[in-house]
Structures are given as C-alpha cells and as structure tokens.
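What follows is a single structure, written as structure tokens, with notes after it.
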Amino acid sequence: MNRAFSTDEALRQREYIEKVRAITLEKEKRLGRKLRFHVETLGCQMNAKDSEKLSGILREIGYLEEEREEEADFVLYNTCTVRENANLKIYGRLGYLHSVKKRKNPEMKIGICGCMMQEPDEVQAIREKYRFVSLVFGTHNIFKLAELMYRMETEEGMIIDVWEGTDEIVEDLPAIRKYSFKSGVNIMYGCNNFCSYCIVPYVRGRERSRLPEDILSEIRALAEDGVKEVMLLGQNVNSYGKTLENPVSFSELLRRVAAVEGIERVRFMTSHPKDLSDELIAVIAENEKICRHFHLPLQSGSSRILEKMNRHYTKEQYLDIVRRLREAVPDISITTDIIVGFPGETEEDFLETMDVVQKVRYDSAFTFIYSKRTGTPAEKMPDQVPEDVVKDRFDRLLREVQRIGQEVSGRDVGRVLPVLVEDVNRQDSTMVSGRLSNNTLVHFKGSNALTGTIVPVKLVESKGFYYIGEAVR
Ligand code: SAH
Ligand code: SF4
Ligand code: F3S
C-alpha cells in the first residue's frame with residue numbers, strides 16, 4: 001500500500017463530500033425538509049463495519065439517519081453473498097422497495113453495494129432487471145461513496161463502479177459508530193485462504209494488513225471517545241501482519257491493543273485454526289482484557305472432508321488446539337461454524353463432525369447447510385449430497401449443538417462476573433442486557449444510565465443461552 005496516495009485520496013473524497021453537501025442543501029430547500037438515509041446491512045462484521053463508514057460519509061454530506069427504509073430518500077443495501085439464500089433475499093427486498101418508491105416517494109434513490117456486487121452476473125442482473133436502482137458499487141471502493149453520490153446526482157442513468165481488486169487502504173474517512181461504547185476495528189482486509197467452498201476471497205480480494213500504528217491510533221482515539229470494547233476484524237486474524245514491510249504478528253498486535261489505556265475488553269474475529277500459534281494462546285492467558293471467548297471455525301470434523309475443503313488441519317490437530325487453549329485459559333468459551341453437506345460428505349464424515357461437537361462441547365455454534373457458490377472449486381466437485389440427506393444431518397447437528405450449548409452456558413451460575421451493559425431490555429424496560437467477557441448474554445434489573453458501563457453482576461439463574469442476574473454493589 002502507498003500511504004501518501006491513500007492520504008491524497010482521502011483529501012479528494014473530502015472535496016466530494018463538500019460538493020454533494022451543497023447539492024443536498026439545495027434539495028432540502030426545494031423539498032422543505034431534511035434528507036434521510038437508510039443503510040441495510042447483511043452478512044458479517046466486515047460488512048457491519050463498512051456500513052458504519054458508509055453511514056459516516058452519508059451523514060457528512062448532510063443526510064440524517066432513518067430507521068425505516070420506507071421513509072428514506074437514499075436506501076443503500078450492503079449485501080452478502082456467502083450463501084445463495086442471502087442473494088435471493090436481496091432481490092425480494094429490492095422489488096418491495098421499488099413499489100414503495102413508486103407509491104410514496106419518487107425522490108427515493110436506491111443503491112446496492114457489498115460482496116454480491118463483486119460478482120459480474122449479479123451486477124448484470126441488476127443492470128437488466130432492476131433498472132430503478134441508481135447506484136452500484138463493490139467492496140473495494142466504499143471510500144468513494146461521496147464521489148459516487150456526486151455522479152448519481154449529476155449524471156443520467158444507473159452509476160456502476162465495481163473494482164476487481166485493490167492494494168489501497170484509505171485511512172481517515174468519517175465513520176459513525178452504532179454503539180458509543182464498543183467498536184469493530186479492521187486490522188486486515190481480504191482473504192488468501194481459498195477454502196474450496198467459499199466465495200469471500202473472490203469478492204473481498206487478496207489479504208492486506210493495516211499498519212499497526214494506524215490501528216493503534218484509531219483505537220486510542222476510540223478510547224478517548226469513551227469506547228471500552230474493541231473487536232479486531234479480519235477473515236483470518238492469525239495471519240495478520242505477515243506481508244507488512246516490518247512484519248508484526250497478531251499476538252504482538254493484540255498485546256499492544258490490550259495495553260491502550262481506557263480499553264477494557266478486546267475481542268477478535270475470525271481465527272483460522274491452521275495459523276493459531278502458542279504465542280497467541282499465551283497472550284490471551286496473560287491478559288485479562290482479552291475476552292474469554294474464542295470463535296474457532298471447525299467447518300467439518302472429518303479430516304478427509306477438511307482436506308477437500310482446503311482447510312489445512314485435521315480433526316486431531318483441531319482437537320489439540322482446543323486442548324491447549326483450555327489448558328492455558330480454563331474458563332474460555334469456544335464457539336464455532338460448521339458446514340453440513342459439503343460435496344462427498346458421507347454419514348461417517350458427518351459422524352466425525354458430531355464427535356468433535358461432543359468432545360469440544362461448544363458454547364454455541366453457527367450451523368450452515370452447504371451452499372454451492374459459482375466460481376469456487378467445490379462447485380465442480382462430484383457427489384453433491386441430496387437435499388433430504390443434508391436436511392436430516394443438519395437437524396441432528398442442530399439438536400446436539402443446542403443440547404450441549406444449554407448445558408455448557410450455565411456453568412457460571414452463582415458467580416459474580418463483570419458485565420458490559422449494552423442496552424435496555426426490549427421486552428422489559430426495567431431490565432438491561434449486557435455481555436460477559438465470554439460473550440454470554442446477561443439480563444438484570446437496571447436503567448439506561450448503565451449502558452456502556454461495566455457492572456459486577458451475580459449470575460442468579462441460567463436460562464439456557466443467557467443468564468438472569470443481579471447487580472452487586
Ligand atoms: N473467515 C471466516 C469465515 C467467513 S464466512 C473463517 O474462515 O472462519 C462465515 C462462515 O460461513 C464460514 O465459517 C462457513 O462456515 C460459512 N460458509 C462459507 N461459505 C459457505 C458455503 N458455501 N456454504 C455454507 N456455508 C458457508
Ligand atoms: Fe472463506 Fe476460508 Fe477465507 Fe474464511 S478463511 S473467508 S472460510 S476462504
Ligand atoms: Fe458475506 Fe461478504 Fe462477509 S460475503 S460473510 S458479507 S465478507
């Protein structure tokens with residue numbers, strides 16, 4: 001990455017922000033009201049973080065945030081394409097939004113961005129069948145939103161700008177945070193792993209690490225702004241920093257982040273088992289600020305399937321990592337992702353997955369039915385598993401994961417543990433909800449004034465996946 005160039009680009013975008021702000025003001029005068037935007041986010045934490053950046057730019061150009069998409073003047077869908085059903089959902093929503101535009105607000109402009117727009121076939125579909133869409137862009141040029149909005153306001157027709165890849169990381173653009181007390185922080189972009197089922201490397205491009213000094217100065221600024229918890233984001237955080245001019249390991253970065261004054265909790269996502277070092281385990285064990293939660297995607301418990309998935313670890317190696325983690329950090333909670341029905345998966349392979357689930361005893365697991373993605377190696381693999389067989393395995397796995405999760409998550413009943421309060425409870429406004437270091441939810445009596453603070457709470461009762469507690473004062 002060329003830093004000087006990135007700074008120039010940020011300045012260029014600042015100029016566009018000013019230009020579009022002027023257009024926004026004119027429109028406001030004409031309509032006699034403020035303009036409003038709605039960003040709808042699908043997919044993972046990366047997309048959530050991108051949406052904060054997009055929202056930051058939209059606010060700078062003079063738009064207010066609007067919760068209901070039907071009421072907004074600019075609706076932006078930030079899409080995910082990791083499984084096919086995510087795409088189908090988007091097309092349904094676009095159709096609905098078109099009817100709202102026609103009925104209620106002809107001024108409404110609709111944009112679509114994110115991972116799905118990195119697929120040429122999807123862009124073609126939008127171009128041909130969804131002509132009411134005004135703006136299309138991808139994952140590599142979100143920093144250009146002000147410039148693209150300018151073009152949308154001044155040119156005719158659908159604006160489409162999708163880049164195939166990029167080396168560039170543009171720092172110092174505005175962003176708005178969804179929460180005042182916690183924030184995701186990108187430490188790297190892209191992925192080089194090419195797991196054979198996965199489309200992410202194609203839509204997010206090659207792995208690029210941010211400079212440690214940029215990450216740390218962002219986190220220091222967040223801490224000064226009252227943020228207590230940061231989540232370091234990357235598709236494979238364990239390979240952070242390897243390609244930097246002065247390589248820095250993820251463990252070292254974690255150590256430095258945890259040392260930032262004011263930061264009380266550090267999380268990270270996602271950690272690939274193949275690159276998980278003993279140094280990382282040691283840093284977690286040494287440092288109470290690093291949360292007692294480890295998300296360690298398994299994908300399959302069968303070494304044969306893992307090889308076909310291009311995951312670079314075996315069942316035994318995975319179980320060994322879990323053993324070492326628990327030895328060093330006994331109270332850590334472990335969660336995972338599992339795919340059922342990968343091509344060629346036999347009943348024996350599936351039972352290996354069940355065996356790992358029973359041995360590890362996860363706090364929770366995201367279970368997915370394998371979805372064939374265009375352009376991935378698995379798309380062409382023989383022996384795609386019949387739907388009814390996959391469904392049956394999926395149901396058995398889900399039941400087991402839930403049964404174990406319920407048993408495991410209650411293990412801290414009776415203890416007093418710190419809870420970072422996130423919100424007033426939606427069902428009962430006399431309660432607040434927050435999370436333990438290990439990410440388990442806790443509800444207890446309290447008021448909004450507690451939001452963003454860390455409160456010692458006695459865990460009175462386990463309700464399966466969450467606790468009811470009492471604040472201890
Ligand atoms: N980088 C992360 C995962 C990102 S995608 C990692 O390596 O763990 C999140 C999850 O989606 C994956 O862990 C996987 O379980 C699931 N997933 C990815 N591609 C999929 C596909 N084609 N079908 C079903 N699930 C998939
Ligand atoms: Fe996809 Fe594998 Fe990269 Fe995760 S590590 S994003 S599953 S290719
Ligand atoms: Fe989806 Fe893109 Fe994340 S495909 S899972 S939003 S990186």
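All values reported here derive from a predicted model rather than from experimental measurement. Atoms within a ligand are numbered from 1 in the order they appear, just like the ligands themselves.
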Suppose we measure from [atom] to each protein heavy atom; which comes out shortest, and what is that distance?
atom	result
atom 1 (Fe) of ligand 3	Cys80 SG, 2.4 Å
atom 19 (N) of ligand 1	Tyr197 CD1, 3.3 Å
atom 24 (C) of ligand 1	Ile369 O, 3.4 Å
atom 8 (O) of ligand 1	Pro297 CG, 2.9 Å
atom 1 (Fe) of ligand 2	Cys198 SG, 2.3 Å
atom 7 (S) of ligand 3	Gln235 NE2, 3.4 Å
atom 17 (N) of ligand 1	Arg83 NH1, 3.5 Å
atom 6 (C) of ligand 1	Thr270 CG2, 3.9 Å
atom 9 (C) of ligand 1	Asp337 OD2, 3.8 Å
atom 2 (Fe) of ligand 3	Cys115 SG, 2.2 Å
atom 7 (O) of ligand 1	Arg311 NH1, 3.5 Å
atom 5 (S) of ligand 1	Val82 CG2, 4.0 Å

Could you state the interatomic distance from [atom1] ([X]) to [atom2] ([Y]), rounded to the nearest 0.5 Å?
X	Y	atom1	atom2	answer
Ser51	Leu42	OG	CG	8.5 Å
Ser183	Leu232	OG	CG	10.0 Å
Ser271	Leu296	OG	CG	6.0 Å
Tyr197	Arg83	OH	CZ	10.5 Å

Can you name the atoms of ligand 2, numbered from 1 with element, that are less than 4.0 Å from a heavy atom of [X]?
X	result
Cys191	3 (Fe), 5 (S), 6 (S), 8 (S)
Arg311	2 (Fe), 7 (S)
Pro201	8 (S)

Which bit of [X] is near ligand 2, meaning a heavy atom under 4.0 Å away: side chain, backbone, both or neither?
X	answer
Tyr197	side chain
Pro297	neither
Val200	side chain

Below a 4.0 angstrom heavy-atom separation, can you tell me which part of [X], side chain or backbone, both or neither, approaches ligand 1?
X	result
Phe368	side chain
Ser371	both
Ile199	neither

[X]-ligand 1 polar pair, N/O distance under 3.5 Å:
X	value
Asn236	no
Gln235	yes
His272	no

Do the side chains of Glu327 and Arg324 get close enough for a salt bridge, i.e. N-O under 4.0 angstrom? no
Should the pair Asp388-Lys391 be classified as a salt bridge under the 4.0 Å nitrogen-to-oxygen rule? no
Does ligand 3 have any atom sitting under 4.0 Å from a heavy atom of Met116?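 False for this residue.
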Does ligand 3 have an atom under 4.0 Å from some heavy atom of Met46?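 Met46: no contact with ligand 3 (<4.0 Å).
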Does the ring centre of Phe368 sit less than 6.0 Å away from the ring centre of Phe394?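 Ring-ring flag for Phe394/Phe368: false, centres at least 6.0 Å apart.
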With the threshold set at under 4.0 angstrom, would you say Arg204 reaches ligand 2 through any of its heavy atoms?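 It does not; every heavy atom stays at 4.0 Å or beyond.
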Judged on heavy-atom distance to atom 15 (O) of ligand 1, which of Arg373, Gln299, Glu84 sits nearest? Gln299
Closest by any non-hydrogen atom to atom 3 (Fe) of ligand 3: pick that one out of Cys44, Gly190, Cys198. Cys44
So Arg403 and Glu407, salt bridge (charged side-chain N to carboxylate O under 4.0 Å, His left out) or not? Walk me through it. CA-CA 7 Å; Arg403 186 186 66 78; Glu407 286 176 15; 3.0 Å; yes
Only one of Lys315, Arg304, Arg393, Lys308 clears salt bridge (Lys or Arg N to Asp or Glu O under 4.0 Å) with Asp349; which?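 Per the salt bridge (Lys or Arg N to Asp or Glu O under 4.0 Å) rule, the option paired with Asp349 is Arg304, out of Lys315, Arg304, Arg393, Lys308.
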When the ring planes of His98 and Phe132 are compared, do they come out parallel, tilted or perpendicular, using 30° and 60° as the limits? parallel
Taking it one step at a time, do Arg265 and Glu422 satisfy salt bridge (charged side-chain N to carboxylate O under 4.0 Å, His left out)? CA-CA 13 Å; Arg265 286 182 171 185; Glu422 302 201 330; over 6 Å; no
Go through the steps to decide whether Phe350 and Phe342 satisfy the test ring-ring contact (aromatic ring centres under 6.0 Å, His included), and finish with yes or no. CA-CA 10 Å; Phe350 173 70; Phe342 183 82; over 10 Å; no
Please verify whether a non-hydrogen atom of Gln45 lies at under 4.0 Å from ligand 1.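 Flag not set, Gln45 not near ligand 1.
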Non-hydrogen atom of Ile339 closer than 4.0 Å to ligand 1: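 Flag set, Ile339 near ligand 1.
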Examine the side chains of Thr335 and Asp363 and answer whether a donor and an acceptor come within less than 3.5 Å of each other.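 Note: Thr335 and Asp363 side chains miss the donor-acceptor criterion.
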Should you measure from each heavy atom of Arg204, which atoms of ligand 3 turn up under 4.0 Å away?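 Here the atoms of ligand 3 in question are 7 (S).
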